[in-house]
Each structure stands twice: as C-alpha cells, then as structure tokens.
There are 2 protein chains.
Amino acid sequence: MSETVGRVLEAERDGDQRSGRKRIRRTSEEARRQILDAAEARLTSLGPEGLRLQDIGRDVGMSHSAILHHFENREGLVKALASRAAEQLKAEVLAALSTPDGSAPEAGQVIEKVFEILSERGYARLAAWLTLEPRRENRRHSRQMIAELTRVIHELRVQHHGDADRDPPLEEDTANVVLLVATVAYGDGIMGKALRMAAGRDDTPAARARFRAWFGRLIQGHMDDCFDQASARDASKP
Amino acid sequence: MSETVGRVLEAERDGDQRSGRKRIRRTSEEARRQILDAAEARLTSLGPEGLRLQDIGRDVGMSHSAILHHFENREGLVKALASRAAEQLKAEVLAALSTPDGSAPEAGQVIEKVFEILSERGYARLAAWLTLEPRRENRRHSRQMIAELTRVIHELRVQHHGDADRDPPLEEDTANVVLLVATVAYGDGIMGKALRMAAGRDDTPAARARFRAWFGRLIQGHMDDCFDQASARDASKP
DNA sequence: TACGCAATTGACAATTGTGTAAGCAACCAC
DNA sequence: GTGGTTGCTTACACAATTGTCAATTGCGTA
C-alpha cells in the first residue's frame, strides 16, 4: 500500500505528467495490486466519490480501460477491494493478539493496535464506505471474523483469569467486550474527528491517544475487577 | 419525516405514476420540508449515491428543477440536510436528558435514547455520509454540541454523585464517557449490523438491545462505583 | 528471430446527473 | 376580474463516467 500511495499524491501534484514515458507492462498480479493500492488510497482520503476509474488509472499510470480489463467492471474492483481489506485487517488483528512469549496480552495494548489499524490508518473509513454502500449483500469473507477473534480472546481470558476464587468470565461478556472494542474503533475512525470537534476538543494525536488510553483502562478494569459484578448484575436482570 | 417516507417506497414500487395529477403548489417552506424529508429517507436507506435530484423530485412529486429552485444547487440541499439533522439530533438528546421530576436520569435510559436516535433511526448513517464526504469543512452547526451536552451531564453527575466521602468525578472523565457513548452509538449505527454478522450473532432488535443494555450497565457501573479508581489510575499515569 | 499471448491504449458510444432559461399556472391582493 | 409574485415545469445544454472494441506493443518462448 505504501509504494503507490506516494505516487497518488505525486500525480495529484503535478498533473498528468507521464507524457514522454514508454508504455510499461506489469504482470497481471502486480497490476491488480497497484490498482487496488491506489483505489484504497483514494477511497480512504476522498470517499467513494473519489473512486473513479480514470483517476485511479492516472495514479498508477495506465488508462482506465486497463483497469476494466483487470477487474471486469467497476463493481469487480470494489469487491476485490473489500475482500482484500477484510483479509489484511483480520491478519493484523490476529497478529496483534499473539504476544511473543505467550503471556496474556494486555487489553490496552490490543486495543491500541486495533485502533491504530482501524482508526488511524483509515480502515474504518474504508470499511464504512464499503458497508454503507447498499446493494452489496455478499461480503461473506468478513463473516465470522469477529467470532473467531472472540474465541481466541475468550480462551486467553479464561486461561489467564488469575487464580482467584471468583467465577470465570462468561463467554457472552467476552463477546460483548470484543464487539464494543470493534464498535468504538470503527466509530472513532469514522466519526472521531467530528465528535471531538463537537466536544470542543482538538483532534491532535495526543488527544486521541488519551481517549484510547482511558477506554483501554475502562475495558481492562472491567475484565480485571468488575466482570463478576457485571455478569452477576447481568444474570439478575430479565 | 414520516409522511414522505411512505411515498418514497410507493413511488419506488409503481414507477413514475403521477401522470394525470394536476400541478400542486406548496408554500416554499412546505416544499423545502418535503424535499428534505425525502432526501433524508433516500440518504439513510441508499447512501449518498441515492441522493439524486431527479429521484428526490419524483418522491415528492415535482421535477428536479424545482429542487434546484429551492436550494440553489445540490450542495445547498446537502448543507440544509446536514444542519437540520444536527438540530433535530441535539434537541432530542437534550430532551432525553431532562427527567420530568428533576431526578438523576439513569445512564442506561439516556444511552438507550441516544442509541434509538442515532442507531435505530438512522441518524448515524446519515451523519456518517455527510461527515465522510470530504470537501465540506464547514458544518459549524454541530460544533460545541457535545461540549454542551457534557456540561449538562457533568452538572447532573456532580449534583447526584451521592453523599459519599469519595472524590467527585473529574470533568475529563465525564467528557470521556460522553464521547464514548457517542462513539459507540455512531459505530453501532454505522457498522453495527456488519459487526454482528462478523461476530456470528444475528442482528435482531433483541440482540441489539442486549448489547445496549450490557453497555449501559458498563457505563453505569463506571460512573457509580469505579470512577474514583479509574480517575486515580488516570492521574497516576503520565 | 519470429511468434504469440496478454497487457495496454485510444477513440468512441451510451448513459446519467447537474444546472440553465424561459414560460406556465396557483394563489394572493386589490 | 386583473395583475403580480413565485412555485413549478419543460426542454435543452453540458460534463463526467462507465464500458466496448479494435489496434498496438512489451515480453517470454519456441
């Protein structure tokens, strides 16, 4: 994603300046990769309105027809974009979950990572665009992704939940925690800036980090101390 | 918003079927209202791609030129839409905060209301569309909106924080809580369905309610019991 | 070197959405 | 009624995009 992103801005700067250059020929695979990279960059920075074949083509230095050649039609490009993003996302989050020494990953650390991927790096916006766009029912790829994560995390949680004599955490509680973290990360990635503005706060990296840290402590606290109370209260209600 | 929404679907069903009807003439105000209603319905259900002047015109039974007459251009329509939505949102949330008898509103209740407006009723999607669309820096209207809310809520919180001998909650903690609730409500409204799918849960109203309730208890618990611990821990960190 | 596959191009067609201008027609005031 | 204001319409100009197709050319291979 890095290589082509630079070129996007470059091309943006000095217009269509690939005049004298000879026609370059990529492998099909490489072409698809470059196109997806450029499309991703445009999508996160400009929204779906910015996803125009001609522009993407200019970014990677080919005509829009070439893109159609590789992806059949615009829909095909969007679909490919969606699956690739989902796969990358999943891989990175799973990677963040495994500590090198097999110890319990700290909630704050994991949350930090999730936020970094979803919020800071723009995946949330990308996913939002793709999700909010109706008519695409499919996206089967991301299905069960969070379920898997939940299993992994709950396993860890039960494993490390201390030698205390209190009850082990309920699976549903873990599921809720995971869902909450994901929801917050997406919400922050999509609306975070606007919300902070509306809160009269500035949107500096430091401010974002403070909020993330606070949230991390909240979750950590819930999982460390409060979960038995919470689950007890949970059970008492209808 | 209700009156015209029905007509949207109607028109969707039986095509452009306003043939024999005479030309109707509304007041400028009424016309604007109807147009905004239809636009809002389209925006929340179809995304910004569905915001086409011709379609909106067909929904309310006028030509697309009439819309341009009322809003100057498409931009004007979108701006009007944004301000109106922000105002309504603010009004409803403030209304939810004031209990009839002046007692402390329960966190769960307020959260429920916020979710209902933002998530269930589609305001989150609408706001997301409008926010994610770049190039519009303005939206000054919503500025400070959450700040105001935070002040109101913090006031309530300090007022009712029990006669305990513990410290009163920090203002920053309240700000974080408000920001978190807003973030979750937006995140849920925008990505909630997709996330629940990815979690292998079904997206029934009951399931949504369960999650909201769990989250409400988490927040309530934080504000009731844990805030002194949390803020202490907060202060101890850099 | 010659050949052929497939990536790439360039021109063009077709569609669709925004915006303009001039005229028509409700409704109000007199 | 008569006239004026203005909501609304029809027709058209215009731009931007996706998609098609034949032609071109880079590059591995026989």
Side-chain angles (χ1 to χ4, degrees), chain A residues 4 7 11 15-39 42-43 46-81 133 135-136, chain B residues 4 7 11-12 15-39 42-43 46-81 129 133 135-136:
Chain A
T4 341
R7 215 182 300 172
D16 192 344
Q17 208 60 297
R18 56 184 207 81
S19 40
R21 214 117 47 263
K22 281 175 70 177
R23 154 198 297 203
I24 48 176
R25 184 194 179 95
R26 295 146 264 237
T27 65
S28 173
E29 193 182 314
E30 174 65 9
R32 287 178 62 99
R33 200 188 58 75
Q34 288 187 7
I35 293 168
L36 287 176
D37 285 350
R42 271 202 132 62
L43 194 56
L46 299 174
E49 316 268 321
L51 209 57
R52 285 184 285 254
L53 299 187
Q54 306 204 18
D55 296 347
I56 299 171
R58 184 152 16 87
D59 289 348
V60 297
M62 64 174 70
S63 68
H64 82 280
S65 313
I67 299 180
L68 288 169
H69 169 71
H70 286 292
F71 292 95
E72 190 89 28
N73 51 28
R74 196 192 127 105
E75 258 314 279
L77 172 61
V78 174
K79 277 185 187 168
L81 200 50
E133 201 78 32
R135 72 183 128 161
R136 245 186 306 289
Chain B
T4 341
R7 215 181 301 171
E12 214 73 51
D16 193 345
Q17 208 61 298
R18 57 181 206 81
S19 39
R21 213 121 46 266
K22 279 175 73 179
R23 154 198 297 205
I24 46 177
R25 183 194 179 95
R26 294 146 265 232
T27 65
S28 172
E29 195 182 312
E30 174 65 9
R32 286 177 63 100
R33 198 188 60 76
Q34 288 188 7
I35 294 168
L36 287 175
D37 286 350
R42 274 197 180 275
L43 194 57
L46 300 174
E49 317 267 321
L51 207 58
R52 284 183 287 256
L53 299 188
Q54 305 204 19
D55 296 346
I56 300 171
R58 183 151 16 86
D59 289 347
V60 296
M62 63 174 73
S63 67
H64 81 281
S65 311
I67 299 180
L68 289 169
H69 169 70
H70 285 293
F71 292 95
E72 189 90 27
N73 51 29
R74 196 192 129 105
E75 257 316 276
L77 171 63
V78 174
K79 278 185 187 169
L81 200 52
W129 283 128
E133 201 78 32
R135 72 183 127 160
R136 243 185 308 288

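Model, not experiment: these values are computed from the prediction. Residue numbers start from 1 in every chain, and the chains themselves are labelled A, B, ... in the order their sequence lines are given, proteins ahead of strands. When reading the values below, keep in mind they use all heavy atoms of this one structure, side chains included, and skip hydrogens, waters and symmetry mates.
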Hey, does B/Ile56 reach any base, or is it just sugar-phosphate, or nothing, if we go heavy atoms under 4.0 Å?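 It contacts nothing in the nucleic acid.
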Base, sugar-phosphate alone, or nothing: which one does A/Thr27 contact when heavy atoms must sit under 4.0 Å apart?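 The answer is nothing, as A/Thr27 stays clear of every strand by at least 4.0 Å.
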Could you tell me how far apart [X] ([atom1]) and [N] ([atom2]) are, to the nearest whole angstrom?
X	N	atom1	atom2	value
A/Glu30	C/dA6	CD	P	19 Å
B/Leu68	D/dT10	CG	C1'	14 Å
B/Arg32	D/dT6	CZ	P	15 Å
A/Glu75	D/dT18	CD	P	12 Å
A/Arg58	C/dT9	CZ	P	13 Å
B/Glu49	C/dT16	CD	C1'	13 Å
A/Asp55	D/dT18	CG	P	8 Å
A/Glu29	C/dA7	CD	C1'	15 Å

Taking only side-chain N and O atoms of [X], does any of them lie within less than 4.0 angstrom of OP1 or OP2 on [N]?
X	N	value
A/Arg74	D/dT18	yes
B/Arg25	C/dC27	no
B/Arg26	D/dC8	yes

Is it true that A/Glu29 and A/Arg32 have a side-chain N and a carboxylate O under 4.0 angstrom from each other? no
Is there a donor-acceptor contact under 3.5 Å from the side chain of B/Arg42 to the main chain of B/Leu51? no
Heavy-atom donor-acceptor pair, [X] side-chain to [N] base, under 3.5 Å:
X	N	answer
B/Arg23	C/dC24	yes
B/His64	C/dG17	no
A/Ser65	D/dG19	no

Does any non-hydrogen side-chain atom of B/Arg74 lie less than 4.5 Å from one of B/Ile67? no
Between C/dG19, D/dT18, C/dT8, spot the one nearest the side chain of A/His69, thanks.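 Selected nucleotide: C/dT8.
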Taking the side chain of A/Met62 as its heavy atoms from C-beta onward, which of D/dT17, C/dT8, C/dT20 lies nearest to it? C/dT8
Got a second to check how far A/Leu77's CG is from A/Glu72's CD, nearest 0.5 Å?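 Going from the CG atom of A/Leu77 to the CD atom of A/Glu72 covers 12.0 Å.
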Gap between atom CD of B/Glu30 and atom CZ of B/Arg25 - 0.5 Å precision: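 With rounding to 0.5 Å, CZ (B/Arg25) is 14.0 Å from CD (B/Glu30).
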If you assign each of A/Glu72 and B/His70 to its closest nucleotide in DNA chain D, which residue comes earlier from the 5' end?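 Final value for this comparison: B/His70.
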